[in-house]
Amino acid sequence: MHIGARQRSPITALVVGLAGLSMLAGYLQKARCAGAPFDGVGRSLIFDRIKDTQVCYSDIQFLWLGRDVNLHVFPYVTGGINADGILTGGTVEYPVLSGVLMWLGGIGSHTDADFLLHSALILAPFGLLTAWMLGRLAGWWALLWSATPPLVLYAFHNWELPVVATSVAAIFVMTLERIPLRARAVLAAVLLAVGFCLKVYPGAFVLPLIAYVLTRNGTAGRRYDVRGAVMVAVAAITTVVAVNLPFALISYSGWRASFTFQENRQADLTTNSIWYWGLRPLFGPVADDVPLPAYDQTVSLLSPLLVCAAFAIALRLGWLRFQRDGAYPWIAVSAAMLCGFLLLHKVHSPQYTLWLIPFFVLLRVPWGLVAAYLVADLSMGIGVFKYFGALAAQTDASTFEVLVKFGVWGRAGLLVVLFFVFLRAAQRHPPVRGRTGPESGRRPVLKSPEPVR
């Protein structure tokens with residue numbers, strides 16, 4: 001696809017500039033928790049005092065300790081996970097590429113403040129790149145990425161910006177019509193596989209991409225491009241193996257420990273999920289911090305099964321759309337799959353909102369739904385830390401608990417709605433290309449279509 005519409009260059013520049021300002025504000029917000037005086041291992045003494053009450057907590061600063069980042073140990077090649085579920089020897093709980101980014105941020109760092117700054121410098125270019133791609137693809141709609149609260153709140157909360165960039169880059173690559181479709185799709189699959197090696201979820205998008213390539217050469221009654229679909233699958237699998245195999249060969253226990261940690265993680269108060277606030281009370285009072293094996297086993301069984309069911313429903317609805325319209329809506333199906341994952345996975349961290357916003361942009365979600373989701377997200381992203389702070393101080397936490405519950409159930413209800421809205425939005429307004437069809441060869445429609453009513 002030829003994107004180069006000159007009138008969009010100022011818009012893209014504005015989108016990128018505002019993203020830079022939002023991330024600067026986000027860093028300054030997190031940096032309030034970091035700084036001298038430090039203890040003997042480089043932890044800011046102020047961190048534990050204000051991280052929740054001042055909503056400046058970040059996983060980046062927190063994980064300066066406990067994962068040997070402060071000792072500059074290269075991840076996964078030593079250590080593992082012990083019988084108590086504690087990671088040892090430099091192993092971290094994320095896929096290998098995120099672990100490498102953590103290690104890079106730790107190089108030259110002597111305190112958690114250094115680590116936060118160095119990590120922000122590594123992550124920020126990915127946020128700017130995402131802004132640039134969204135600006136080129138969607139014009140003014142990209143301001144949803146650059147100029148809304150989630151980028152301020154979560155840009156440096158965890159290591160999300162690189163994985164979001166890989167997902168958007170895969171979509172961006174698929175719009176480059178000068179490159180043959182199979183080559184584009186293979187490159188997109190590689191990018192999604194790299195995303196899988198960062199935070200897993202983009203790997204699911206390979207499935208609708210395969211369906212898109214399979215069906216590209218005809219309608220339901222014509223020849224399928226089986227070879228192209230296989231090439232996409234092989235590219236994704238090969239990339240994942242190539243990235244992970246060296247770590248697994250050097251230290252299988254260290255490499256496997258990150259997956260074991262996530263498998264063993266319980267859907268507790270820190271996971272912000274419907275499982276804790278919806279299912280947990282059925283097994284005992286929520287206020288009681290008592291292990292409930294039956295509850296943990298139920299969540300461990302139901303959560304992955306229901307996530308897979310949501311994926312299957314999204315893929316099936318996409319196939320029905322193909323049979324009816326002759327084009328498989330792989331971006332919309334990917335967005336719907338993400339909704340299913342966010343709703344049903346046992347962990348729903350606040351920063352996952354960054355995963356979703358690019359789909360708001362590309363699929364032109366109605367502004368009312370976007371605003372409602374951002375309000376629910378703010379309620380969660382601020383309320384949950386205020387709630388933790390009140391619990392730690394043993395003060396009245398009831399108001400903040402209401403905010404958390406509003407965030408949990410507000411997001412959940414909206415994710416159900418968005419699951420279907422994404423697919424319907426794609427039907428009326430294919431992303432980026434206006435009404436021309438996914439591969440029509442026409443120049444893109446420059447005017448953004450009206451959102452679905």
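Just so you know, these numbers come straight off a predicted model, no measurement behind them.
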Flag side-chain contact, heavy atom, 4.5 Å: I60 against H157: no
Exam field: side chain S167 to backbone P202, donor-acceptor pair closer than 3.5 Å: no
Crowding at CZ, F261 (>12 non-hydrogen neighbours, <6.0 Å): yes
Over all atoms of both residues, closest heavy-atom pair of A235 and T239: O-OG1, 2.8 Å
Aromatic ring pairing H72/H110, orientation class (parallel under 30°, perpendicular over 60°, tilted between): perpendicular
Cation-pi geometry met for K199 and Y94 (6.0 Å, 45°): yes
Carboxylate-amine/guanidinium contact R67 E93, below 4.0 Å: yes
Pair W64 and F38, ring centroids less than 6.0 Å apart: no
Exercise: do N272 and Y352 side chains pair donor with acceptor under 3.5 Å: no
Over all atoms of both residues, closest heavy-atom pair of L101 and P162: CD1-CG, 3.7 Å
Validation row, ring centre W355 to ring centre F359 under 6.0 Å: no
Aromatic F47 / basic R43 pairing, under 6.0 angstrom, 45° off normal: yes
Point-to-point distance, once rounded to the nearest 0.5 Å, from CD1 of I107 to CD1 of I122: 7.5 Å
Between CG on residue L161 and OG on residue S119, distance to nearest 0.5 Å: 11.5 Å
4.5 Å side-chain heavy-atom contact, F172 and L137: yes
Stepwise side chain to side chain donor-acceptor pair (under 3.5 Å) check, Y57 with D48: CA-CA 9 Å; Y57 170 87; D48 286 326; over 6 Å; no
Heavy-atom pair with the smallest gap, counting every atom of S300 and K346: OG-NZ, 4.4 Å
Parallel, tilted or perpendicular, as decided by the 30° and 60° cut-offs, for the rings of F247 and F74: parallel
Gap between atom OG of S44 and atom CZ of R32 - 0.5 Å precision: 13.0 Å
Rounded distance (nearest 0.5 Å) linking atom CZ of F406 with atom OG of S379: 5.5 Å
Geometric class of the Y224/W319 ring pair [parallel <30°, tilted 30-60°, perpendicular >60°]: tilted
Within residues 290-314 or reaching into it, pairs that qualify as ring-ring contact (aromatic ring centres under 6.0 Å, His included) - sequence neighbours excluded: F283-Y295
Close side-chain approach of L117 and D114, heavy atoms under 4.5 Å: no
Chi angles and distances behind the side chain to side chain contact (heavy atoms under 4.5 Å, CB included) call for N70, D112: CA-CA 8 Å; N70 61 314; D112 59 356; over 6 Å; no
Aromatic ring pairing F156/Y27, orientation class (parallel under 30°, perpendicular over 60°, tilted between): perpendicular
Expected output: side-chain W275 to main-chain L344 donor-acceptor under 3.5 Å: yes
Q351 vs D59, side chain to side chain contact (heavy atoms under 4.5 Å, CB included): CA-CA, chis, key distance, verdict: CA-CA 10 Å; Q351 71 269 15; D59 289 336; 3.9 Å; yes
Side-chain heavy atoms of L415 within contact of F341, under 4.5 Å: no
Short N-O contact, E263 and R256, less than 4.0 angstrom: yes
Side-chain donor or acceptor of D39 paired with backbone N/O of G42 under 3.5 Å: yes
Beyond-backbone contact of V164 with P358, side-chain heavy atoms, under 4.5 angstrom: yes
Exceeds 12 heavy-atom contacts within 6.0 angstrom, atom CD of Q394: no
Pair E401-K386, salt bridge (charged side-chain N to carboxylate O under 4.0 Å, His left out): steps then yes or no: CA-CA 9 Å; E401 183 176 335; K386 292 286 190 178; over 6 Å; no
Validation row: V370, L374 side chains within 4.5 angstrom (heavy atoms): yes
Closest contact, heavy atoms only, W330 versus L192: CZ3-CD1, 4.5 Å
Spatial distance of atom CG (L104) from atom CG (L121) [nearest 0.5 Å]: 12.5 Å
Side chain to side chain contact (heavy atoms under 4.5 Å, CB included) between F205 and I171, intermediate numbers included: CA-CA 10 Å; F205 303 161; I171 296 171; over 6 Å; no
Check: T88/N82 side-chain N/O donor and acceptor closer than 3.5 Å: no
Main-chain N/O of A376 paired to R411 side chain as donor or acceptor, under 3.5 Å: no
Close side-chain approach of Y373 to T353, heavy-atom, < 4.5 Å: yes
Donor-acceptor contact present, side-chain R216 to main-chain L181, <3.5 Å: no
Shortest non-hydrogen contact from A211 toward T215: O-OG1, 2.9 Å
Distance-minimising heavy-atom pair for T91 and A257: CG2-CB, 3.6 Å
Gap between atom OG1 of T166 and atom CG of L198 - 0.5 Å precision: 6.0 Å
Heavy-atom donor-acceptor pair, Y328 side chain to L315 backbone, under 3.5 Å: yes
N/O donor-acceptor pair under 3.5 Å between S146 side chain and L143 backbone: no
Close side-chain approach of M380 and L403, heavy atoms under 4.5 Å: no
Test side chain to side chain contact (heavy atoms under 4.5 Å, CB included) applied to I50 and C56, step by step: CA-CA 7 Å; I50 71 169; C56 55; 3.9 Å; yes
Side-chain donor-acceptor contact under 3.5 Å, S109 with H118: yes
S22 side chain vs L151 backbone, donor-acceptor pair below 3.5 Å: no
Side-chain donor or acceptor of Q266 paired with backbone N/O of P293 under 3.5 Å: no
Test log, rule salt bridge (charged side-chain N to carboxylate O under 4.0 Å, His left out), inputs D225 and R182: CA-CA 10 Å; D225 185 7; R182 284 180 179 175; 2.8 Å; yes
Side chain N158, main chain E160, donor-acceptor under 3.5 Å: no
